[in-house]
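Data first, discussion second: the structure below is written as structure tokens.
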Amino acid sequence: MTSSGHRILGLLLGAVAAFMLAPIAIVIVNSFNSVPYGAWPPPGYSLRWYVNLSQQTDFGDAAVRSLVVGAVATALALVAGTLASLALVRFRFPGKAAINGLLLAPMVVPKVAIGMAAFTLFVRLHVYGTLWTLMIAHTALILPFAVTIISGALLRVRPELEQAAQDLGASPARAFLTVALPQLRRALVAAAVLSFVVSFDEVDASIFMVSHADPTLPVAMYNYMQKYQDPTLAALSTILVAATLLLAVLLLRSFGISGLSEMVGRAQRQPVIPGEADA
Amino acid sequence: MRAPARRPAGWRPDGYLFLLPALSVLVLFFLAAMAVLLSFSFERFVGGRFLPGTTTGNFTTFLGGHYYWSVIATTVKLGTVTTFLCALIGYPTAYALNAMRRPLVRNLGYFALFAPLLTSVIVRSYGWSLLLGDHGFINQILLSLHVVRTPVPMLYEFSGVVIALVHILLPFMVFPVVSVLGQLDPALKLASADLGANRLQTFFRVTLPLTVQGLVVGCELVFALSISAFATPSLLGGGRVQVLPALIYNEVGGLNWPLAAVESYALLVLALAVIGIFTLLLRGPVARSRGAT
């Protein structure tokens, strides 16, 4: 590549990076705005929107709700996803391709359609608006990510080592827990982080499942933005971005940038779940 | 002593046992919900109450109404324009990312593309509302540079929704392309140059045909995600850009649940049609273009 061609590509990359980071940067600047409207440039700077945010208990309650739902759904999806991955990678049984398709279906069906479907189901069962229904729905939504990442890693775990442990007297379960599971650690962490982030940020389906009085955090933010324009939302967003950056730094330290982008990239694509002959 | 050949050779029905937790969530929640949704679409429902009996009236209302077809048209147009722009920006971006040799530049590029994915769609849509408004950042810059005399209307317009969606979905275009570019054997480019091709010829006759698969996968993802997007079009469209997902949500608020159920299935059919078309593309012309080189 010639240096002029390289320079053009570098400029392009810089422009795209600016485009990608601009909306986040403007939110951070606007959170320190001194006036309740979003004009540019801000006429002055203040911390009043952070003070205002700290007085709004609704956002705090919504954040707790989102954290609890995210944690429970992630835990459920990891356990169910690991067991399902074991079945898909190591066992052969009739109907495997169909089950594989079903496991990935929540990734294909538009989130709004899933949300509307959940709404009709929960209304009919008279359980609409409860937190546990949202946990189950989120488990189904993030299960495809968990299965994709964990089964991809499980493919690279050689069963011979567990076989050796079994030959030395370990039960199959103990052999898996002590030999295979430590090798899956990185994949499990990756699956947990991605699942939690997807659940925590989910709005398109959740908005159909939560009542107006008890929303999750993104739904509360959506409702707030429909009604008000003041920078309280900017203050809240800035805190969320800071938390995300912290998470990203922690992830980078354990995965590296290429591992991280590979992880995200893989999770976007429907995987080819390893079958043996029948998949 | 057990022989190593004991491992999964035949049928293992106990596989179903391992699938039990995952399948119960999917069957008892996901499939059950989709089934109840279908039954809702045949309900007779007037003024927030169910009437006895079933009807196909909800389907005929939807399929016979010009308004609903115009919403579908807007949805498809939004998907098409967003996908086209994402491909136009995303492919060169992926190419540039792949070409950067200095790890710092490369990593900063990955960071800028990847980090926004971890932040909420609401936060990013809110950021765009600040950038795109009449008194927002972009219009103030354009006015102060005397590029325009009056603010360009973007917020609560189709264009603003497209800009924000391109921003939100660009990573889904870049990652599949970067991954196929990374797998490309550098020797192919050298061979092409040795055979007398210039850089442009090499790009169009070697690199592009071998990476078009990644581009098509990216287009499939972006198209499917943009026609399904709810929060961004409804926040930045301000009710003036009416797409199918926003319409479904509004029907629920307006207590027309059976019609919302019909529209949900219409959205699902649209999404499946998109996936079907792109799958055919990947199996047909794309596979041929890879084979031909």
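Residue numbers start from 1 in every chain, and the chains themselves are labelled A, B, ... in the order their sequence lines are given, proteins ahead of strands.
- If you measure heavy-atom distances from A:Ala234 to chain B, the contacts under 4.5 Å come from both the backbone and the side chain.
- Residue A:Gln229 touches chain B through both its backbone and its side chain, counting heavy-atom pairs closer than 4.5 Å.
- When all heavy atoms are compared, the tightest approach of B:Thr93 to A:Leu12 is N-CD2, 3.8 Å.
- Between A:Pro218 and B:Ile122, the closest heavy-atom pair is O-CG1, 3.8 Å.
- Nearest approach of B:Phe30 to A:Val109, heavy atoms of both residues: CZ-CG2, 3.7 Å.
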Assess the residue pair A:Phe19 and B:Ile163 against the criterion (side-chain contact (heavy atoms from CB on, under 4.5 Å)); give the C-alpha distance rounded to whole Å, side-chain angles, the decisive distance to 0.1 Å, and a yes or no.
CA-CA 10 Å; A:Phe19 170 71; B:Ile163 292 171; 4.3 Å; yes
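- Heavy-atom distances place the side chain of A:Val203, and not its backbone, under 4.5 Å from chain B.
- In this structure, the separation between CG on A:Leu247 and OG1 on B:Thr119 is 12.0 Å, given to the nearest 0.5 Å.
- Of the listed residues (A:Ile207, A:Leu86, A:Leu141), the one with the most heavy-atom contacts under 4.5 Å to chain B is A:Ile207.
- A:Leu245 touches chain B through its side chain: at least one heavy atom from C-beta onward sits under 4.5 Å away, while N, CA, C and O do not.
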Start with the C-alpha gap between A:Leu13 and B:Leu97, add the side-chain angles, then the distance that decides, and say whether side-chain contact (heavy atoms from CB on, under 4.5 Å) holds.
CA-CA 7 Å; A:Leu13 202 55; B:Leu97 262 183; 3.9 Å; yes
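- Looking only at heavy-atom pairs under 4.5 Å with chain B, the residue among A:Leu240, A:Asn30, A:Thr82, A:Thr139 that has the most is A:Asn30.
- In this structure, chain B has heavy atoms under 4.5 Å from both the backbone and the side chain of A:Leu233.
- One distance of note links CG of B:Leu17 with CZ of A:Phe91; it measures 9.0 Å at 0.5 Å rounding.
- Of the atoms belonging to A:Phe208, it is side-chain heavy atoms, and not backbone ones, that fall under 4.5 Å from chain B.
- When all heavy atoms of A:Val112 and B:Ile248 are compared, the closest pair comes out as CG1-CD1, 3.8 Å.
- Heavy-atom distances place both the backbone and the side chain of A:Leu103 under 4.5 Å from chain B.
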Could you walk me through whether A:Tyr222 and B:Ser125 pass the side chain to side chain donor-acceptor pair (under 3.5 Å) check?
CA-CA 10 Å; A:Tyr222 175 92; B:Ser125 300; over 6 Å; no
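- Proximity to chain B involves both the backbone and the side chain of A:Ala105, based on heavy atoms less than 4.5 angstrom apart.
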With side-chain contact (heavy atoms from CB on, under 4.5 Å) as the test, would you mind laying out the steps for A:Val27 and B:Tyr126 before giving the verdict?
CA-CA 7 Å; A:Val27 165; B:Tyr126 176 62; 3.8 Å; yes
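- Nearest heavy atoms, A:Ala113 versus B:Leu37: O-CD2, 4.0 Å.
- Only the side chain of A:Val123 comes within contact range of chain B, judged by heavy atoms closer than 4.5 Å.
- Looking at A:Asp204, the atoms closer than 4.5 Å to chain B (heavy atoms on both sides) sit in the backbone and in the side chain alike.
- Contact annotation for A:Ala15: neither backbone nor side-chain heavy atoms come within less than 4.5 Å of a heavy atom of chain B.
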Test side-chain contact (heavy atoms from CB on, under 4.5 Å) applied to B:Leu267 and A:Met116, step by step
CA-CA 11 Å; B:Leu267 181 62; A:Met116 182 61 206; over 6 Å; no
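- Both the backbone and the side chain of A:Ile136 come within contact range of chain B, with heavy atoms under 4.5 Å apart.
- Between B:Tyr16 and A:Phe93, the ring planes are tilted. Angles from 30° to 60° get that label.
- At a 4.5 Å heavy-atom cutoff, A:Phe200 makes no contact with chain B through either its backbone or its side chain.
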